[in-house]
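One-based numbering along the sequence shown.
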Amino acid sequence: MAGGGEGNGVVSGVRVRFAPSPTGSLHVGSARTALYNFLYARHCGGTMVLRIEDTDLKRSDTTHDASILRDLTWLRLQADEGPDVGGEYGPYRQSRRAHLYEAAVDKLLAKGWAYPCFCSQEVLEERKERLLARGEMPVYDRTCLGLSAAEIEMRLAAGEKAVIRFRVPEGDVTFEDLIHGSITFSSDVIGDFIIKRTDGGYSYNFAVVVDDAGMEITHVIRGEDHITNTARQLMLFSALGEPAPRYGHHSLILAPDGSKLSKRHGATSIGDFRALGYLPAAMVNYLALLSWHPADERDKFSLAELIAEFDIEKVSKSPAVFDVQKLDWLNGLYIRELEVAELYRLIEPHLAEAGLRLAPVQREVVTEAVQSKLTVLGDAPDYVAVFVEETDPTACPCADGLLAADSDTLFDLAREVFSAMPSEYLPAKEAQETLRTLVEKAKEQGIKGKALYHPLRIALSARDEGPELFYLVGGLGRSTILARLDEALAYVARYKEANSP
Ligand code: GLU
């Protein structure tokens, strides 16, 4: 077993790996695997390796490979070694490691742990059916195990194709999983499995073991869908004479209805969440706590805090249920913490996509106005629209609200106060003062409370709800405000005239 305990969950010389297959974009489940590896490596002062498992060349795609790297970087889960940063244990793409797999096949053949098998697919299928019909395990019957070297040579020379099978040793395989505890597999249920295919490709279990051994991986942290592979992998480590890593299999992420989290539940890939406007720190915080919680009761933890507290042995084995409401809530907290300039930088692409543009001098006050409202950055256009849309307060469904008893006096006063604004837009603090001046003047005329705020809000924004009034004062623009007040005044005058006795 590699690595020795040193208290506080810290193990020396830790090398972990995240080994995605680039057959799609980074799913939240895989991102959580990457995160647990990252937290464990950082907690132990170890090394995280990124290995791209692209042996399935038909399904692998370099665009996915690039998007996985981009998503990991976005989450700030940068590996210490990998195809992009290099390292001493490369190459870090399985498609570049064939020579290492070939050498390992030769080693197993030489030691008698592997043998060529000429059985055709049809024959294997037939035998499998027969075994199943008799209620037996459909494992390979070792027809080719006893072939002599001469016969093998002859058949190969005649052009027959062979796979290479691993000779599974007898007896149970037991390992101590870091999350599940002791797990035992009987080798009776494991037939001599293929390690090299007729097309020259290598099986997943075999390539992973050659790589984990070659990269001196000490801890394998991955999803529990890989538990059954672990027995085969441990057998291979032993046959190759290599020390096996320790394993920790975390639960999978389920949707609230208990099914596998999939597209029909909404966003599932890190790219989807980024596009909607979730922040990487909120994602990381949320994913870390899906099956684990630091001793502290809080819900919000920085990456540094997660690293300091992480303990793989405290990760729960119960399924993790994806609760988007909690993620939303956390994301909102992270948004509230951003500097206004940074928040503007992040919402700008969402505004541009919705065709909204803020004048440079308008940005700060408007961004501040929406900061407390946003759940995700993608909500920004809905909240910003009020500051840029062309609208007529006298034509909106709430226009009747302009007709309160003293609203003409109020709008006159507002005209007077807002005309004196020193610039087109005002920072929040100054806008607050301007509004206060108006409120005081109105009060002197006996106008206050709802009779003041309601008509004023409608006159300014043509809506009966929205951001705090002072943000409208600061962010709408003086000329817009004055033009709308004029329209509102004319509307009130027309109404009065039409209704005068
Ligand atoms: N490439 C495998 C996958 O994406 C992971 C292999 C492993 O972690 O052992 O599922």
Side-chain angles (χ1 to χ4, degrees), residues 1-2 17 19 51 53 55-56 89 94 97-121 123-124 127-128 131 136-157 160-177 183-218 220 222 226-247:
M1 193 190 304
R17 86 304 196 272
R51 183 170 75 224
E53 303 210 323
T55 43
D56 186 349
Y89 294 79
Q94 286 192 327
R97 297 177 64 84
H99 57 292
L100 298 166
Y101 308 139
E102 199 48 39
V105 166
D106 289 346
K107 187 167 171 184
L108 292 181
L109 284 168
K111 287 170 130 189
W113 280 115
Y115 58 94
C117 165
F118 295 93
C119 297
S120 71
Q121 204 50 45
V123 168
L124 290 171
R127 282 187 214 148
K128 189 171 153 190
L131 285 170
E136 290 176 32
M137 282 301 292
V139 293
Y140 178 61
D141 68 358
R142 294 190 156 169
T143 302
C144 292
L145 178 59
L147 298 181
S148 68
E151 184 172 348
I152 292 169
E153 207 170 308
M154 198 180 71
R155 291 175 76 167
L156 288 175
E160 259 192 84
K161 290 237 181 279
V163 298
I164 306 293
R165 286 186 187 271
F166 176 63
R167 181 165 66 79
V168 169
E170 276 166 23
D172 292 346
V173 177
T174 297
F175 69 99
E176 212 40 54
D177 190 276
I183 297 180
T184 299
F185 286 95
S186 160
S187 62
D188 296 350
V189 298
I190 303 175
D192 288 355
F193 54 89
I194 294 170
I195 56 175
K196 184 177 179 187
R197 299 186 294 264
T198 48
D199 66 4
Y202 304 89
S203 72
Y204 155 72
N205 279 311
F206 180 65
V208 159
V209 168
V210 173
D211 292 343
D212 285 342
M215 295 180 179
E216 296 184 16
I217 299 302
T218 60
V220 170
R222 60 186 174 188
H226 284 292
I227 287 186
T228 52
N229 289 322
T230 306
R232 289 175 176 78
Q233 294 181 11
L234 286 168
M235 290 171 179
L236 285 165
F237 272 107
S238 159
L240 285 165
E242 297 283 356
R246 294 211 60 189
Y247 291 88

- Query: Got a donor-acceptor contact below 3.5 angstrom from the T198 side chain to the A162 backbone?
  - Reply: no
- Message: Counting C-beta onward and ignoring hydrogens, is there a side-chain heavy-atom pair between P245 and T218 closer than 4.5 Å?
- Response: no
- Evaluate the side-chain proximity of S148 to E151: yes if any heavy-atom separation is below 4.5 Å, no if none is. yes
- Quick one: ring-ring contact (aromatic ring centres under 6.0 Å, His included) partners of F185, sequence neighbours excluded? none
Going by the rule side chain to side chain contact (heavy atoms under 4.5 Å, CB included), which residues pair with [X] if we only count those two or more places apart in sequence or in a different chain?
X    : value
D172 : T184, S186
V123 : S120, R127
E170 : none

- Query: Going by atom types alone, do Y115 and D192 pair a side-chain donor with an acceptor below 3.5 Å?
  - Reply: yes
- Checking R232 against F193: charged group under 6.0 Å from the ring centre and within 45 degrees of the axis? yes
Scan the side chains in residues 106-114 for donor-acceptor partners under 3.5 Å anywhere in the protein, sequence neighbours excluded, and list what turns up.
unit_1: K107; atom_1: NZ; unit_2: L240; atom_2: O; d: 3.1
unit_1: K111; atom_1: NZ; unit_2: A239; atom_2: O; d: 2.9

- Message: I'd like to know if D212 and R51 make a salt bridge, using a cut-off of under 4.0 Å between side-chain N and carboxylate O.
- Response: yes
- Rounded to the nearest 0.5 Å, what's the gap from CZ on R142 to CG on L147? Could you check? 13.0 Å
- Task: Let me see the working for R246 and V220 under side-chain contact (heavy atoms from CB on, under 4.5 Å), right down to the final yes or no.
- Result: CA-CA 6 Å; R246 294 211 60 189; V220 170; over 6 Å; no
Cut-off 3.5 Å, no hydrogens considered: what does the side-chain donor-acceptor table look like for residues 201-209, sequence neighbours left out?
unit_1: Y202; atom_1: OH; unit_2: E102; atom_2: OE1; d: 2.3
unit_1: S203; atom_1: OG; unit_2: I194; atom_2: O; d: 3.1
unit_1: S203; atom_1: OG; unit_2: F206; atom_2: N; d: 3.4
unit_1: Y204; atom_1: OH; unit_2: R222; atom_2: NH1; d: 3.3
unit_1: Y204; atom_1: OH; unit_2: H226; atom_2: ND1; d: 3.1
unit_1: Y204; atom_1: OH; unit_2: Q233; atom_2: NE2; d: 3.4
unit_1: N205; atom_1: OD1; unit_2: Q233; atom_2: NE2; d: 2.9
unit_1: N205; atom_1: ND2; unit_2: N229; atom_2: OD1; d: 3.4

